[in-house]
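For reference, the structure is listed below as structure tokens.
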Amino acid sequence: MIRVIFLGPPGSGKGTQAHLISNKYNIANISTGEILRKLSLYNQSNGIDFDNTFVNTMNAGHLIDDELIIKLIIQRIQQADCSNGFILDGFPRTINQALSIKQKNISIDFVMEFNVSDIVVIDRIIGRQIHINSGRTYHVKYNPPKHYGIDDMTGEKLIFRTDDNVEAVQQRLDQYYKYTKPLSKFYEKELELGNLLYFSVNANRKVSQIYKELINIFKLHKF
Ligand code: AP5
Ligand code: MG
């Protein structure tokens, strides 16, 4: 059982590493951003009430209400594929969200914080393309698909995310510094209390270098 949180700004590579790590350890890969994108596309929520205006909020680069996000995560974590563990990519993003899982006694083993400069963030996000159904992520320069605009595995079309433009990214960065960055202190305290392990990772490097560091950390702690 391994339960991990990936913390970090937009474009820091959380989703890219989450796919690699979940495959390696056979644990569930849970991205709140992906859950919301699918919700907006398929309009199905397993009984959770939601208001479609959240799509406008996302496109503007603002955070979605804690209440909806917490309900989606609590429901998702109870699914069978989480029995071996999970990675939370993009959750929590507020102190309130972090407290919600703590209060429900959902234990976390590792928090990995991805640190990256704002310039790198913008460069990575502007060139990103995704395969909507799988969440596979490409970059026109740093991680291109075999054929431009086509997913390697399915042959389906890739898309640019509607929130991947300079204006929305700037807003996402602002939201990150205002609401999410305070979680570093929160998890430093959890580390001091012996509740979990917390690591800060230099995410300005290549995908393979970051992956290697993450694997080494897990190995060192017997996973
Ligand atoms: P979400 O989808 O989670 O977006 P994000 O946090 O802004 O993060 P990104 O997905 O943009 O970046 P990433 O770190 O996953 O980077 P990636 O691996 O793709 O959330 C979207 C929206 O949903 C939010 O703005 C908010 O509205 C809402 N939301 C989601 N969760 C929420 C929550 N908990 N509470 C409230 N609202 C919430 O990499 C980026 C690009 O760089 C890719 O093209 C990739 O190929 C490339 N790349 C990755 N690593 C490297 C590398 N090392 N070197 C070079 N290129 C790289
Ligand atoms: Mg992502």
Side-chain angles (χ1 to χ4, degrees), residues 4 6 8-46 50 52 54-62 64 72 76 79 81-82 86-91 93 112 114 116-173 176 201 203-215:
V4 187
F6 280 178
S12 53
K14 303 182 299 294
T16 300
Q17 297 295 336
H19 274 266
L20 296 169
I21 297 288
S22 79
N23 285 339
K24 165 130 181 111
Y25 292 102
N26 190 25
I27 55 176
N29 176 7
I30 304 176
S31 152
T32 35
E34 270 179 38
I35 293 174
L36 292 165
R37 278 185 286 282
K38 285 200 181 139
L39 199 59
S40 74
L41 210 64
Y42 302 117
N43 233 1
Q44 289 169 347
S45 70
N46 290 333
F50 69 97
N52 252 334
F54 80 81
V55 179
N56 302 333
T57 311
M58 270 177 98
N59 286 340
H62 290 271
I64 308 299
L72 290 168
R76 181 65 187 86
Q79 289 174 15
D81 66 333
C82 294
F86 51 76
I87 302 174
L88 299 178
D89 158 14
F91 178 96
R93 266 186 228 221
M112 307 293 200
F114 288 51
V116 71
S117 70
D118 290 2
I119 289 177
V120 170
V121 162
I122 292 169
D123 189 34
R124 285 186 188 172
I125 282 186
I126 297 309
R128 170 167 54 194
Q129 288 194 298
I130 63 162
H131 178 244
I132 189 86
N133 281 323
S134 66
R136 269 187 292 281
T137 301
Y138 300 86
H139 191 281
V140 290
K141 199 161 58 177
Y142 306 122
N143 180 26
K146 289 184 188 123
H147 304 284
Y148 180 80
I150 302 291
D151 177 46
D152 288 348
M153 306 282 278
T154 61
E156 289 167 356
K157 274 194 178 161
L158 301 177
I159 58 158
F160 286 101
R161 272 171 48 176
T162 44
D163 59 346
D164 277 354
N165 53 71
V166 177
E167 214 178 39
V169 171
Q170 199 53 61
Q171 192 54 248
R172 279 153 64 194
L173 277 170
Y176 167 76
V201 176
N204 291 296
R205 297 168 299 163
K206 287 185 179 164
V207 172
S208 57
Q209 291 174 309
I210 301 165
Y211 177 65
K212 211 169 155 193
E213 181 172 345
L214 295 176
I215 298 286

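Source: prediction; values computed, not measured.
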**Asked** Just wondering, do F6 and L88 contact through their side chains at under 4.5 Å, heavy atoms?
**Response** no
**Message:** Tell me whether D152 contacts the main-chain N or O of K146 through its side chain, where contact means a donor paired with an acceptor under 3.5 Å.
**Reply:** yes
**Asked** Salt-bridged, K141 to D123, with N to O below 4.0 Å?
**Response** yes
**Item:** Q17 and Y211: CA distance, side-chain angles, deciding distance, side-chain contact (heavy atoms from CB on, under 4.5 Å) verdict
**Value:** CA-CA 6 Å; Q17 297 295 336; Y211 177 65; 3.4 Å; yes
**Request:** State, with a plain yes or no, whether a side-chain heavy atom of L72 is found less than 4.5 Å away from one of T32.
**Result:** no
**Item:** Any donor-acceptor pair under 3.5 Å from K14 side chain to F114 backbone
**Value:** no
**Prompt:** Closest heavy-atom contact between N204 and S117?
**Reply:** OD1-N, 3.1 Å
**Request:** Check the pair E156 / H131 against side-chain hydrogen bond (donor to acceptor under 3.5 Å, both in side chains), numbers first and verdict last.
**Result:** CA-CA 8 Å; E156 289 167 356; H131 178 244; 2.7 Å; yes
**Prompt:** Which atom names give the shortest non-hydrogen contact between A203 and S12, and what distance separates them?
**Reply:** CB-O, 3.6 Å
**Carboxylate-amine/guanidinium proximity below 4.0 Å for D81 and R76** = yes
**Prompt:** Considering only heavy atoms from C-beta outward, does the side chain of Y148 approach that of Q129 to under 4.5 Å?
**Reply:** yes
**Request:** Measure the spacing between NE2 of H19 and OG1 of T137 and express it to the nearest 0.5 Å.
**Result:** 5.5 Å
**Asked** R37 and E34: side-chain contact (heavy atoms from CB on, under 4.5 Å), yes or no, with the steps?
**Response** CA-CA 5 Å; R37 278 185 286 282; E34 270 179 38; 3.9 Å; yes
**Fill in**
Rounded to the nearest 0.5 angstrom, the OH-CG distance for Y25 and L20 is 11.5 Å
**Message:** Does any part of the side chain of F86, heavy atoms only, come nearer than 4.5 Å to the side chain of I27, both counted from C-beta?
**Reply:** no
**Prompt:** Is any side-chain heavy atom of F54 closer than 4.5 Å to a side-chain heavy atom of S40?
**Reply:** yes
**Asked** Any chance CD of Q79 has more than 12 other-residue heavy atoms, nucleotides or ligands included, within less than 6.0 Å?
**Response** yes
**Request:** Begin from the C-alpha positions of I21 and I87 and carry the test side-chain contact (heavy atoms from CB on, under 4.5 Å) through to its verdict.
**Result:** CA-CA 8 Å; I21 297 288; I87 302 174; 3.6 Å; yes
**Asked** Heavy-atom distance under 4.5 Å between the side chains of L158 and I130, does that happen here?
**Response** no
**Prompt:** What is the distance from atom CZ of F91 to atom CD1 of I35, rounded to the nearest 0.5 Å?
**Reply:** 10.0 Å
**Message:** I122 and side-chain contact (heavy atoms from CB on, under 4.5 Å): which single residue from I119, I126, V120 fits?
**Reply:** I126
**Request:** Could you tell me whether the side chain of S31 and the main chain of N29 form a donor-acceptor pair under 3.5 Å?
**Result:** no
**Prompt:** Quick one: are V207 and N143 in side-chain contact, heavy atoms under 4.5 Å?
**Reply:** no
**Message:** So I125 and V121, do their side chains get closer than 4.5 Å, heavy atoms only?
**Reply:** yes
**Asked** What is the distance from atom NZ of K206 to atom NZ of K212, rounded to the nearest 0.5 Å?
**Response** 12.0 Å
**Message:** My understanding is that only residues two or more places apart in sequence, or in another chain, count here; which of them pass side chain to side chain contact (heavy atoms under 4.5 Å, CB included) with N59?
**Reply:** V55, T162, D163
**Item:** Gap separating the CG atom of N52 from the OG1 atom of T57, nearest 0.5 angstrom
**Value:** 10.5 Å
**Request:** Working to the nearest 0.5 Å, report the span between CD1 of I64 and CE of M58.
**Result:** 6.0 Å
**Message:** Do the side chains of R124 and D164 get close enough for a salt bridge, i.e. N-O under 4.0 angstrom?
**Reply:** no
**Request:** Check the pair V140 / R128 against side-chain contact (heavy atoms from CB on, under 4.5 Å), numbers first and verdict last.
**Result:** CA-CA 6 Å; V140 290; R128 170 167 54 194; over 6 Å; no
